[in-house]
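Please read all numbers here as calculations on a predicted model, not as lab measurements. Residue numbering restarts at 1 for every chain, and letters A, B, ... go by the order of the sequence lines.
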Amino acid sequence: MKLATALWVFLLILTALTTQAAVVAAGFLVPFVLVTTYIKGQVVIDHFMGLRHATSRLRWIVPAWLLVVIGGIAYTFTLS
Amino acid sequence: MTIAATLPASPDQPRTLPGDLAIWFFIFAELLVFGVFFLAYAFARARNVELFDASQLQLDRISGAINTALLISSSYFVVRAVDRIRHGASRACAGWLVAAMALGGAFLVLKLTEFAGKFAAGITMSTNTFFMFYIGLGFFHFMHVVLGMIILGWVAHKAWRGGYSAADHAGVETGASYWHMVDLVWIVLFPLIYVMH
Amino acid sequence: MKYQSQAVAKPYFIAAIGLFLGQILFGLIMGLQYVVGDYLFPAIPFNVARMVHTNLLIVWLLFGFMGAAYYLIPEESERELYSPKLALAMFWIFLVAGAATILGYLLVPYATLAEMTGNDILATMGREFLEQPLPTKVGIVIVALAMLFNLSMTVLKGRKTAINLVMLLGLWGLAIFFLFSFYNPANLVKDKFYWWWVVHLWVEGVWELIMGAMLAFVLIKVTGVDREVIEKWLYIIIAMALISGLIGTGHHYYWIGTPEYWQWWGSVFSAMEPIPFFMMTLFAFNMVNRRRREHPNQAAVLWALGTGVMAFLGAGVWGFLHTLAPVNFYTHGSQITAAHGHMAFYGAYAMVVLTMISYTMPILRGREANSRKAQVMEMWAFWLMTIAMVFITLFLTAAGILQIWLQRIAAEPMGFMAAQDQVALFYWMREITGLVFFTGLTLYIVSFFVKGEEARAS
């Protein structure tokens, strides 16, 4: 449970950083927020959902979803 | 019957997906819907950056951040609840679940306040594409928090009455998995709609 | 059969098949009128033939659902039906009302029918699929409420299973959403908006619950797979069907004067609607592969598998083809819609009722399964009808693509009737395939009268 608690605090810190990042320059904002969001999502998937220790053949679906969504969003920000 | 099936289950033993397989199909489908909407938002934004950036300034970012913290914390509480029931502590498990639901309730109140402010300012889904996504996706996610709380409430009630045990608690994991999905979706939704510009 | 009162299902199924035959006959008449415009004019104008074709479809499916419910609910609840007499009385009321309505369509002009039946008291007529005169609509409500009372009392006092609860929920939804057929606001946008609450929320909402319950029931019976496994599948399927189907109503709100956001919501959610149908396909094949017994009624197994595949193709794939707003901008109200309508109704609802009839009719007639000879004939009927329907769909799709091109995309767009002339060949091919379907249906009916030694479990 110590790991979970540490990760919880870590997630809260990342959230605060994400929010604070909104006021800084845009060039840095998007990559920073995308990376922190990806890390946050992966932490929830691995440790809260517990998919890291799952053996099912289906366990790749949620991480893949996160990758596709974050990747897709990142791509659209290169368009403008 | 295989030999493995006759071995006693140990906590370190690799497991299949936590909870009931049925809920996972449901989670996959939900993630698909949200994923399509997130990408639709992102592409719609790329075609109309000024409008999205200007509209985004009208959002209450702090409220969104607090809501993120609430959902992450409630997700963590649910992790604690699952940990308790693995040790057979039914009442403690129910307690953590109720705490998680309380944070979910706080999320709903904050979200409603946010929406009420927007409606009072005359903003609706028809105002522009940005607000269509903000209100539409926000409301859709809101309904998921409500459903998640109903599931958690049901699980907590059963746990309190001793319906689960250290050996048999798939129901708790099922509810927990759904709740984490609701959290995960918000973790992407918040930066996407409130922060990135 | 396990309970005497299940026998009330039999007249319902017989009526369903009789009306099905009528539906196909009028389909053939109308199919010919597509290419020979004045065929049977003025005795049966096109608009009347169309109304009879679609109304008969709805009525025979309702007979099928009711029959299925009267069979399935007692067996699942493990007790006799609350009142078999009430069920039988409702059968006759519904049959007489249905027949009178069809005769009304055929014998008097529609406007006269409206005058005769009190449409001036509460105007509900004149809308596609909801053409029924006021007394018929009231009759449908009475029949449905009496049935729901009867079935709910049975379930309340008996065993509650996922199957009978889902079935009951579906039937309640069917009755409740039908009430919107009485709401006919003067504002045309609002009229259409709520019209879809009957039409869409029936076929892409609550009917899917009824279908799921019926399919699950038959699969439990013919495969012997654990109820627990089947019920779990049923729950996910109906949850998906409801989430995608309810908001998916938005795919009808693109161009009727409703707010623009429906283009997003309708597109995304209706794009998810194939998922529950795909899961139904997986469900049917998975359960049959895991079967624990060889049921002697192989025809019923074939129908169940066929339902899974055809519902996915017709409702899922053909629905998806034209559900996204940018695509629908071109395809709206073309022959693509007709193609989808034909295969979806046959694949999902006609076939699930035929599955149920195939499984229950031998039992209602006092044997576990029909003779091998009768089953072979029924399977021939299955293949003839199903393959004919696939080709009807393909021809209509081809007609639709050509129509859209000529009428809406080409540099110099044609008028509607000029474009119709250009696609006439596909209409002829559709009509010929329709005759094959009719042959299949004839064979199906004949199979009920084939005698022979009863098939045994192997």
Any chance you could measure [X], atom [atom1], to [Y], atom [atom2], to the nearest 0.5 Å?
X: A/Leu66; Y: B/Leu184; atom1: CG; atom2: CG; value: 6.0 Å
X: A/Phe77; Y: B/His197; atom1: CZ; atom2: NE2; value: 9.0 Å
X: B/Glu173; Y: A/Met49; atom1: CD; atom2: CE; value: 13.0 Å
X: B/Leu192; Y: A/Leu34; atom1: CG; atom2: CG; value: 9.0 Å
X: B/Phe190; Y: A/Lys40; atom1: CZ; atom2: NZ; value: 7.0 Å
X: B/Phe34; Y: A/Trp65; atom1: CZ; atom2: CH2; value: 8.5 Å

Heavy-atom cut-off 4.5 Å, strictly under: side chain, backbone, both or neither for [X] against chain A?
X: B/Ala176; value: neither
X: B/Leu32; value: backbone
X: B/Arg80; value: both
X: B/Phe43; value: both
X: B/Trp24; value: side chain

Nearest heavy-atom neighbours spanning [X] and [Y]:
X: A/Trp8; Y: B/Ser73; result: NE1-OG, 3.0 Å
X: B/Pro18; Y: A/Gly50; result: CG-O, 4.4 Å
X: B/Met196; Y: A/Leu29; result: CA-CD2, 4.1 Å
X: A/Thr37; Y: B/Ile187; result: CG2-O, 3.6 Å
X: A/Val68; Y: B/Leu39; result: O-CD2, 4.4 Å

Which bit of [X] comes within less than 4.5 Å of chain B, counting heavy atoms only: side chain, backbone, both or neither?
X: A/Tyr75; answer: side chain
X: A/Val69; answer: both
X: A/Thr36; answer: neither
X: A/Leu51; answer: side chain

Considering residues, nucleotides and ligands other than A/Gln20, do more than 12 of their heavy atoms fall under 6.0 Å from its CD? no
Measure up the A/Phe48 and B/His180 rings against each other and bin them: parallel (under 30°), tilted (30 to 60°), perpendicular (over 60°). tilted
Might you work through the side chain to side chain contact (heavy atoms under 4.5 Å, CB included) test for B/Asp183 and A/Val44, ending with a clear yes or no? CA-CA 8 Å; B/Asp183 179 33; A/Val44 169; 3.9 Å; yes
Would you say the side chain of [Y] lies within less than 4.5 Å of the side chain of [X], judging by non-hydrogen atoms?
X: A/Leu58; Y: B/Phe28; answer: yes
X: A/Val62; Y: B/Met181; answer: no
X: B/Arg45; Y: A/Thr76; answer: no

Heavy-atom pairs under 4.5 Å with chain B, option from A/Leu7, A/Thr15, A/Leu14 with the top count: A/Thr15
